[in-house]
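To start, the structure itself, in structure tokens.
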Amino acid sequence: MKLSKSEEELMSHLWKREKAFMKDLLNDYPEPKPATTTIATLLKRMTDKGFVSYTLFGKSRQYFPLVEKSAYFSKHVNGIIKNFFNDSASQFASFFTKETELTKTELKELRKIIDQQIKDK
């Protein structure tokens with residue numbers, strides 16, 4: 001299951017905080033802030049989808065993620081590779097290095113990461 005763009009934005013705030021009450025999450029948004037009811041609706045949907053849970057403190061709910069950020073994005077990157085690059089990670093890597101505006105330094109860092117992965121295998 002996937003998060004909508006607005007759910008992903010809210011989830012990113014929750015990942016940063018690790019645990020948060022709705023008012024804390026609302027405060028993380030820039031002006032103009034979304035309505036409290038909007039945040040409540042998003043949290044309910046994300047809870048129903050199994051991405052978020054909460055602990056009750058009286059009448060207040062402290063929310064926390066059930067899915068790690070790296071696991072969520074790893075799944076999406078793999079989906080992109082499968083759907084747009086014929087399930088070829090090398091086609092994706094080629095596209096990524098050519099179409100993004102990576103600096104020479106960033107490309108060298110990427111090469112180091114790749115070389116390390118080759119050594120580790």
Side-chain angles (χ1 to χ4, degrees):
M1 199 168 288
K2 184 177 168 170
L3 295 171
S4 69
K5 185 174 172 117
S6 54
E7 290 168 343
E8 279 184 0
E9 182 179 8
L10 179 55
M11 194 70 176
S12 71
H13 295 303
L14 190 54
W15 277 319
K16 284 179 191 168
R17 287 187 171 269
E18 296 179 10
K19 292 181 180 180
F21 293 96
M22 186 168 57
K23 65 179 177 65
D24 299 323
L25 293 167
L26 189 59
N27 286 334
D28 289 342
Y29 281 86
E31 293 293 339
K33 296 186 183 298
T36 304
T37 53
T38 301
I39 300 300
T41 299
L42 291 172
L43 287 167
K44 166 98 172 80
R45 281 195 288 183
M46 292 160 64
T47 300
D48 291 346
K49 289 180 178 182
F51 286 96
V52 172
S53 190
Y54 58 85
T55 304
L56 279 174
F57 291 94
K59 292 183 180 181
S60 297
R61 295 177 180 183
Q62 185 182 45
Y63 293 90
F64 56 91
L66 293 174
V67 176
E68 290 184 22
K69 184 178 183 178
S70 60
Y72 179 75
F73 285 104
S74 176
K75 186 173 182 177
H76 283 289
V77 168
N78 286 326
I80 289 169
I81 291 169
K82 183 177 182 179
N83 295 326
F84 296 101
F85 297 97
N86 300 317
D87 214 6
S88 169
S90 60
Q91 282 183 21
F92 170 74
S94 175
F95 175 84
F96 176 77
T97 56
K98 290 176 184 174
E99 298 300 324
T100 57
E101 295 179 10
L102 295 172
T103 65
K104 194 171 191 173
T105 302
E106 290 170 325
L107 286 167
K108 285 179 181 180
E109 289 173 15
L110 189 56
R111 179 187 287 161
K112 285 180 188 176
I113 293 168
I114 292 168
D115 288 343
Q116 186 60 50
Q117 289 296 311
I118 291 169
K119 282 182 185 177
D120 292 347
K121 293 206 179 219

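Below, all heavy atoms of this structure are taken into account, side chains as well, without hydrogens, waters or symmetry copies.
Separating the CE atom in Met11 from the NZ atom in Lys16 is a distance of 13.5 Å, to the nearest 0.5 Å. In this structure, the separation between CD on Glu109 and CD1 on Ile114 is 12.0 Å, given to the nearest 0.5 Å. Note that OG of Ser4 and CD of Glu9 are 10.0 Å apart. Values are rounded to the nearest 0.5 Å. Distance check: Asn78 CG to Phe73 CZ gives 13.5 Å after rounding to the nearest 0.5 Å. In this structure, Leu43 CG and Met22 CE are separated by 7.0 Å, a value rounded to the nearest 0.5 Å. For the atom pair OG1 (Thr55) and CZ (Phe21), the distance works out to 8.5 Å, reported to the nearest 0.5 Å.
Arg111 places none of its side-chain heavy atoms less than 4.5 Å from the side chain of Leu107. When side chains are defined from C-beta on, Leu102 counts as touching Phe96, because their heavy atoms get closer than 4.5 Å. Using a 4.5 Å heavy-atom threshold, the side chains of Phe95 and Phe84 count as separate. Looking only at side-chain heavy atoms (C-beta outward), Ser94 and Lys98 come within less than 4.5 Å of each other. Using a 4.5 Å heavy-atom cutoff, the side chains of Gln62 and Tyr54 are not in contact. Residues Gln116 and Lys112 have side chains not in contact (no heavy-atom distance under 4.5 Å, counting atoms from C-beta outward).
Between the side chain of Asp24 and the backbone N or O of Ala20 there is no donor-acceptor pair closer than 3.5 Å. Although no hydrogens or angles enter the test, the distance criterion places no donor-acceptor pair under 3.5 Å between the side chain of Lys69 and the main chain of Ser12.
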Show the numbers, then the answer: is there a side chain to side chain contact (heavy atoms under 4.5 Å, CB included) between Tyr63 and Ser53? CA-CA 6 Å; Tyr63 293 90; Ser53 190; over 6 Å; no
Apply the test side chain to side chain contact (heavy atoms under 4.5 Å, CB included) to residues Lys2 and Lys75: give CA-CA distance (whole Å), side-chain angles for both, the deciding distance (0.1 Å), then the verdict. CA-CA 10 Å; Lys2 184 177 168 170; Lys75 186 173 182 177; over 6 Å; no
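Taken together through direct or relayed side-chain contacts under 4.5 Å among Ile, Leu, Val, Met, Phe, Trp and Tyr, Phe64 and Met46 form parts of separate hydrophobic clusters. Taking hydrophobic clusters as Ile, Leu, Val, Met, Phe, Trp and Tyr residues chained together by side-chain heavy-atom distances below 4.5 Å, Tyr72 does not share a cluster with Ile81. Follow the hydrophobic side-chain contacts under 4.5 Å out from Val67 and you reach Leu3 in the same cluster. A continuous path of ILVMFWY side-chain contacts below 4.5 Å connects Leu56 to Leu14, so both sit in one hydrophobic cluster.
Atom NZ of Lys33 has more than 12 heavy atoms from other residues, nucleotides or ligands within 6.0 Å.
Between Phe85 and Phe92, the two ring planes are perpendicular [angle over 60°; tilted spans 30° to 60°].
For the pairing with Leu10, the side-chain contact (heavy atoms from CB on, under 4.5 Å) check across Val52, Asp28, Leu42 returns one residue only, Leu42.
In plain terms, the two heavy atoms of Pro34 and Ile39 that are nearest each other are CG-CD1, 3.6 Å.
A salt bridge links Lys49 with Glu7: the distance from a Lys NZ or Arg NE/NH1/NH2 to an Asp or Glu carboxylate oxygen falls below 4.0 Å. Ion pairing between a basic and an acidic side chain is recognised when a charged N comes within 4.0 Å of a carboxylate O; Asp115 and Lys119 show no such pairing.
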